[in-house]
Every structure is written in C-alpha cells, then in structure tokens.
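See below for the structure under consideration.
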Number of protein chains: 2
Amino acid sequence: MQRSIRMKDVARAAGVSVMTVSRAFRADSSVKSNTRARIMKAADDLGYVFDSTAASLRSQRTDFVAVIIPSLNNANFAETVGGLSDGLAESGLQVLLGYTGYDIAAEERLVEQMLRRRPEAIVVTGGRHSDRTIRLLRAAGIPVVETWDLPDDPIDHVVGFSNAATTQVMVDHLVGVGYRRIAFIGGDRDGDTRGADRRRGFLAAMASHGLPVDRLVGAGDPPISMQHGADAMARLLDGLPETEAVICVSDLSAFGALAECQRRGLDVPGDIAIAGFGAYEIAGVCHPTLTTIDPQSRRIGARAAEVILGVLDAPGAPRRIAIDPRLIPGGTTRNA
Amino acid sequence: MQRSIRMKDVARAAGVSVMTVSRAFRADSSVKSNTRARIMKAADDLGYVFDSTAASLRSQRTDFVAVIIPSLNNANFAETVGGLSDGLAESGLQVLLGYTGYDIAAEERLVEQMLRRRPEAIVVTGGRHSDRTIRLLRAAGIPVVETWDLPDDPIDHVVGFSNAATTQVMVDHLVGVGYRRIAFIGGDRDGDTRGADRRRGFLAAMASHGLPVDRLVGAGDPPISMQHGADAMARLLDGLPETEAVICVSDLSAFGALAECQRRGLDVPGDIAIAGFGAYEIAGVCHPTLTTIDPQSRRIGARAAEVILGVLDAPGAPRRIAIDPRLIPGGTTRNA
DNA sequence: ACCGTTGATGATATCGATAACAATCGCTGT
DNA sequence: ACAGCGATTGTTATCGATATCATCAACGGT
C-alpha cells in the first residue's frame, strides 16, 4: 500500500517543479515537448497515477456528470446513457451512473450522494420527484436535466416526451384500424411514473373515443418484466376472453404476452392483437414483430448531452426539448 | 452558482467548531445528540451539501468501488452489478460503473481513469486484459477482482467460471440426447473474450466426442445481438440445412435464431434444436423455452462483494471463487 | 476532596493537486 | 548587441474537509 508516489516525486525524478508536472498531465497547457516526454517517462517509471481527488478539490472541477436512471437492466435507459456518454466524451466529461430501482426514496438518497461529489451537471429520469429531491436539485447550482418526460413545471432543463400523449397515439392507431375492446397491461404501483403516465394516457384516449376502460390489468410492481406480461395476459385471456387488442406498458411485457398467446396456440394478431412500447430490439426480432413506439432512447441522451454542454459553455434559460416518439407498426396488430 | 456554503458556515451558524460539524456528519463519532440536531438544522437551513471531494483527499478514503463491465445493455452484467451494489451497500461502499463496449483499449483507458479517482477496490470483467491494464492493476495497491472468468494466472482475486468448460457441458448434454451435427453461432472477433472462450470450449468438446467442427458461424462483432443470431441462423439454414442443433454464444442470439426458424415455419426442436447461454429472462418466457446455462450472474456480483469486504477488512492471499453454472434444459432441445 | 476516566469539543496541520502571479528563456527585428 | 515579446517554468497560497492531539467538564470510587 505504498501508493505514496505524488507529483512531487515525479517532479524530482524529472528535474522540474510540480507545477510543470501538473501542466504536463493536462492536454492544453504549454510544456515543451521534450520536457513533457521526460516527465511522462519519469511518471511511468515510478508508476505514478494522477490523483484526481486532489485536482478536483483545488480546481473545483470534477469533470463528471451524474446520471440517475431507474434500472440498469433496461435497454431503453442503457441507450440513453450511451447517447449521453458519447455526447459528453468529446468534452472530457465522464458519466457517473446511479440507479434507483424505481424507488422515489432511493432517488432522493442517490441525488444527495451524487451532489456531494460535486458533479458538473445532473441528469435524472422522469419528471416526478420527492420534494426534498427537487429542493436539492434546485439549490445545487448546476444544470439539471430531467429526461423521459415533459413535465409542466420542470426543475431546470427537460429532454423528453409526454408518456401519456404518446400512449394516446397508440390507442388512436389501434382504434383507427378497427379495434374497440382494448386492454392495458401495466404496473400496479406508481413507482414507475412513466408507466403510470402511459396508463393515464390510455384512459384518456379510450374516453376520447367513447370506449369503455374496463380492461385494465395490473401486472405487479415495476420493473414490469416479460414474465409479468405473460402472467397478466393469462389473467386477461381467462377473465376477458373477448378482448381484441392489448397495449402493454413496454415491449418486454408485450413479448411476454405474445409468448403466452403462442403457448396457448392463439394466433396473434388473428385472435388478439398486441402492442408494446420502447422499440426494444426484441420488438423487431420476434415473430411476429411487435407493434411498438420508438421513444428514441439514444437521442434523448444525445440531446441531454448537448443541453449540458451548451449551458456549461454559456448559461442560459432552461431548455425544453421535445422528443418525437414514432409509432412502428408490427406484425402483432393488423394494419388496416 | 454561490455554492460557497462550507462546513465553516454551518459551524458558525450552529455555534460550534468545524470539527464538531465534521463529526456530526459522520455516523460513528461522538457528538451530543442535541448538538448534532442543532448542526443538522443549521446545515439544512443553509442548504449545505457535504463535499466528499475534500473529505476524500484528507481522509484518503473514497468509499467507492470501481466496476468495469463490457456493456451496460446486458442483463447478465446488470445482475452482477446489482449483486455487487447490494453486497457493498451495507458497508457504505458505492459502485462507480464504467463500460468498455467490449474494447480492450477502452478498458485500459477506463481502468486508468478509475484508478485516478482512488477507488477502494476495482472489479473487472474477464480474465484477459492489455499488458498495461494488468500492470496498472497490479501496481494499484488495492484489491482487484476479475469476474466472469477463471484465469490460470489471475491478477489478484477471481470470482467466475470457465466459459470454455461450461460450453463443453452444453455440448456433452446435446450429444448425450443424441445430437451429432452441431453448429456454433458466435462472434467473429475476440473482442468478447468470454464469447471466444465459449467457442474454444465448443471446439474442444466436439473434438473429444470425435465429432466434426465444420459448422462455425460467425455472427459479427460483439455485442452479439438477437438480430445477429437471426441472421446467422438464416445463413446456417441456407448453407448447412442438415444441421441438427445450434449452440449460440448467448440467449439473445439464440432467441434471434429461434425467431428466424419460426419465421420460416420450422419446428424447434423438431427440425432443429437451439441452445443459448446466460439464462436471460427471455429464455424462460419465450415459446418454446430456451435450453440454456445459468451463469449465476447475481451470485458472481455478491461473491465479489464478499471478497472485497473480506480483504478490505483483513488483507490476505488472493481468493479464487469458482461459480458453478447450471444447465437449464428447455423446450428448444429434446430431453432424451 | 482527589485523581483517573470517559465524553464532548476545539485548534492546528495537512491531504495532493492547481490558480494566480512571477520569473526566466529564447528568439526576432533593428 | 539589446529591447520586446511570447513561450516555458517556478513560487506561494489555497481548495474544504479530517487526523491528531489538546482541552475541559462531569462523574465515580475511595
């Protein structure tokens, strides 16, 4: 544990001052190229590893952005994080990732822990948070970006879309091709606020078409998995067999529902139609392919990165970036 | 941006010294309970947020563990990270996550960046790394855990299994139930070293049964997706139609292969059998269910956490923890 | 009443880098 | 040869917390 090699040691070995070593370790600064080479060689020989803790304290720059998502194991959020990472990488910003398990209280703890590390900006998922979370974020003095939602009263910046409105698009589409008895499979709890918003959108859309909303199936606690979808579909088929179409809160549950139908020998979409949400890879690979909505997960991350870089460069008014999810017709619903 | 509230300010407001504030913010230390309450109230009123950068520099403790995985968007690794996080949380250790995109050079950069932040320990995926990565890790002076592999000459600690040996188990199983003309669908490149090891295991196992290995299908660059699997299966069916069974490098590609068969109206396992790897959720949900191998992803993470907590508490010899993947027979292969 | 002990709090130096400013070097033009 | 200027390097103070040691009050046993 003799991690006692400091810049001072490198400086001595290279015959320069610590300040010169410090400059050599940063890209921009002016150090003669053979001095830098000598320093780097000395550092390498000594096994020196730069200490960014000390650098951060003095410079008051940590060069990372905190990103909080509900779950690691979700391709949509992973894509968003990928878009963010790539977008920020060019400016030398790293992502520090945390996940909440769809728990508002966990989000609060995580936000506080993140802020203690003094990120340059913070990205959160969704537009609903605990009061204390909102207070912490407002007071943080750094850019805050809410994603995957388009709240009316954002904390600061927003990059996302309305989950409710987007679900209405799906309902409109299904009604447009002739489905009437439409069910919704989603989470029981509101821990997944985006899921809850999709259910609200479903209810509103059905009402606007004058259709009954007597086919809401609770699938359990988030995250709603494939298995949740399969189980919910089983209950739906047993309880309300005349259902014509089912909208699922995500492609994962939609695929589970599809598999349950196949297990029972039902024809999809002949006997029952299925739609999902998220444009997960499986939607395009399974047979038949899933009718779904592409929320443009990666673009959300890329845009969020642009917002962050923009306001870090030149602070300005809160930005509101609306993403346009696209409906992707698939083989699990009829097309006309 | 007046994030200028420091402990000093809280101390003044609470009428105590900074040292007492510092103690109040830590769980263990001795501060009279009403003094602590007064301090906490003052901190809250002022909107003070603890600065862990400064704390880390002085105390030389960062209380986080660096974890490097190939890809965020992979349920197996997400599970491992979940197991790690949960296991470390009790000791107040946080996970700092990085991902390499299956790129050895990216791993090297990431390892260096992580070490600059002075983690308490570091977890990497796989047992093959660049020379410089190995040198950095060996010299880091902190516990290093390699996971998802069981290398002969580990850097320090290991928690994992042999990908080659595990694939042999699958081959043995398929040969045992009568399959002979067995193909393997995997990545072209060795960027995914675990995938490459599985291919090696396949070759060795086939040879040990005296079977020809003339059915290797390259699916592309990692990460091997469902679509890769579907495309590879299409080529396999077109080129080598008498194939009896296919082992895929993961359940994702296996599912893609399955979907391709269903698209062509082939019966699985009647016309052709399919096996995967990873025990992803889809393996148990799709119809028919996939024959796969459960690598016990979460347990890998949990065990790694135990190793870390153990050696941080009492340094000792490198530990080698073998995980026992289990074969899970599914509906995509016959059982006898 | 004395001394030792425990519990609570304070004063000071310090972690390892960088900001800010100072000093020097090397070259150009005249 | 020398002033002038940019490029390069050095000196000193400092970021915001904690380690360490010191101090002081309260208390109990003899």
Side-chain angles (χ1 to χ4, degrees), chain A residues 1-40 42-43 46-64 92 113 115-120 141, chain B residues 1-40 42-43 46-64 92 113 115-120 141:
Chain A
M1 201 69 76
Q2 78 280 29
R3 153 64 49 78
S4 48
I5 302 152
R6 286 157 301 222
M7 256 188 196
K8 183 164 52 170
D9 305 304
V10 177
R12 190 179 310 122
V16 294
S17 70
V18 279
M19 201 57 231
T20 302
V21 178
S22 171
R23 292 195 179 96
F25 267 86
R26 283 174 291 179
D28 58 317
S29 44
S30 57
V31 180
K32 232 175 19 185
S33 71
N34 66 2
T35 307
R36 159 173 279 133
R38 202 167 72 242
I39 290 170
M40 288 313 189
L46 292 172
Y48 170 71
V49 177
F50 185 91
D51 187 329
S52 51
T53 303
S56 293
L57 176 60
R58 183 57 180 102
S59 67
Q60 299 290 68
R61 294 168 30 77
T62 53
D63 287 331
F64 76 85
Q113 283 193 327
L115 292 180
R116 288 178 166 207
R117 296 187 191 272
R118 300 288 186 269
E120 309 289 343
Chain B
M1 203 72 75
Q2 76 282 28
R3 154 61 51 81
S4 50
I5 302 152
R6 286 156 301 223
M7 256 188 196
K8 183 163 53 170
D9 305 305
V10 176
R12 190 178 314 120
V16 295
S17 70
V18 279
M19 202 55 233
T20 302
V21 177
S22 171
R23 291 194 180 97
F25 267 85
R26 285 174 290 181
D28 57 321
S29 43
S30 57
V31 180
K32 229 169 28 182
S33 72
N34 65 3
T35 307
R36 159 173 279 133
R38 201 167 72 243
I39 291 169
M40 288 313 187
L46 292 172
Y48 170 72
V49 177
F50 186 91
D51 187 329
S52 51
T53 304
S56 292
L57 175 59
R58 183 57 180 102
S59 67
Q60 299 291 72
R61 293 168 32 76
T62 53
D63 287 331
F64 77 86
Q113 284 193 326
L115 291 180
R116 289 177 166 206
R117 296 188 192 269
R118 300 289 188 269
E120 309 290 344

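Chain naming here is simple, since letters A, B, ... match the order of the sequence lines and numbering starts at 1 in each.
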Between Arg36(B) (side chain only) and Ala24(B) (backbone N and O only), is there a donor and an acceptor less than 3.5 Å apart? yes
Closer than 3.5 angstrom, by distance alone: can the side chain of Arg38(B) be matched with the main-chain N or O of Ala14(B) as a donor-acceptor pair? yes
Mind calculating the distance between [atom1] ([X]) and [atom2] ([N]) to the nearest angstrom?
{"X": "Lys8(A)", "N": "dC15(C)", "atom1": "NZ", "atom2": "C1'", "answer": "11 Å"}
{"X": "Arg12(B)", "N": "dA17(D)", "atom1": "CZ", "atom2": "P", "answer": "13 Å"}
{"X": "Ile5(B)", "N": "dC15(D)", "atom1": "CD1", "atom2": "P", "answer": "16 Å"}
{"X": "Arg38(A)", "N": "dT9(D)", "atom1": "CZ", "atom2": "C1'", "answer": "11 Å"}
{"X": "Phe50(A)", "N": "dC15(C)", "atom1": "CZ", "atom2": "C1'", "answer": "14 Å"}
{"X": "Ile39(B)", "N": "dG10(C)", "atom1": "CD1", "atom2": "C1'", "answer": "12 Å"}
{"X": "Arg36(A)", "N": "dA7(D)", "atom1": "CZ", "atom2": "C1'", "answer": "13 Å"}
{"X": "Phe25(A)", "N": "dA17(C)", "atom1": "CZ", "atom2": "C1'", "answer": "12 Å"}

Among [options], which is the nearest nucleotide to the side chain of [X]?
{"X": "Arg58(A)", "options": "dC15(C), dA8(C), dT14(D)", "answer": "dT14(D)"}
{"X": "Ser59(A)", "options": "dG16(C), dA19(C), dT9(D)", "answer": "dA19(C)"}
{"X": "Arg6(A)", "options": "dT9(D), dA11(C), dA17(C)", "answer": "dA17(C)"}
{"X": "Ala55(A)", "options": "dT11(D), dA19(C), dA17(C)", "answer": "dA17(C)"}
{"X": "Ala54(A)", "options": "dA17(C), dT9(C), dG16(D)", "answer": "dA17(C)"}
{"X": "Met7(B)", "options": "dA19(C), dA11(C), dA17(D)", "answer": "dA17(D)"}
{"X": "Met19(B)", "options": "dC15(D), dA11(C), dA17(D)", "answer": "dA11(C)"}

Partner set under side-chain contact (heavy atoms from CB on, under 4.5 Å) for Arg117(B), not counting sequence neighbours: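 Residues passing side-chain contact (heavy atoms from CB on, under 4.5 Å) with Arg117(B): Ser52(A), Phe64(A), Gln94(A), Phe64(B), Leu96(B).
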Who pairs with Arg12(A) by side-chain contact (heavy atoms from CB on, under 4.5 Å), at least two apart in sequence or on another chain? Lys8(A), Asp9(A)
I want to confirm an ordering. Mapping Leu57(A) and Lys32(B) to their closest nucleotides on DNA chain C, which one lands closer to the 5' end?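 Upstream on the strand: Lys32(B).
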Between the base of dG10(D) and the side chain of Arg23(A), is there a donor-acceptor distance below 3.5 Å? yes
So Thr35(A), base contact, sugar-phosphate only, or nothing? Heavy-atom distance under 4.0 Å.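 Sugar-phosphate contact only - Thr35(A) comes under 4.0 Å of backbone atoms but never of a base.
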If you look at every strand shown and take non-hydrogen atoms under 4.0 Å, does Val16(A) touch a base, only sugar-phosphate, or nothing?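 Answer is sugar-phosphate: Val16(A) comes under 4.0 Å of backbone atoms only.
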Considering just the side-chain nitrogens and oxygens of [X], establish if one lies under 4.0 Å of OP1 or OP2 belonging to [N].
{"X": "Arg26(A)", "N": "dA19(C)", "value": "yes"}
{"X": "Thr20(A)", "N": "dG10(D)", "value": "yes"}
{"X": "Gln60(B)", "N": "dT14(C)", "value": "no"}
{"X": "Tyr48(A)", "N": "dA17(C)", "value": "yes"}

Of all heavy-atom pairs between Thr62(A) and Arg118(A), which one has the smallest distance, and what is that distance? OG1-O, 2.6 Å
Measure across Ser17(A) and Ala11(A) and return the closest heavy-atom pair with its distance rounded to 0.1 Å. C-CB, 3.7 Å
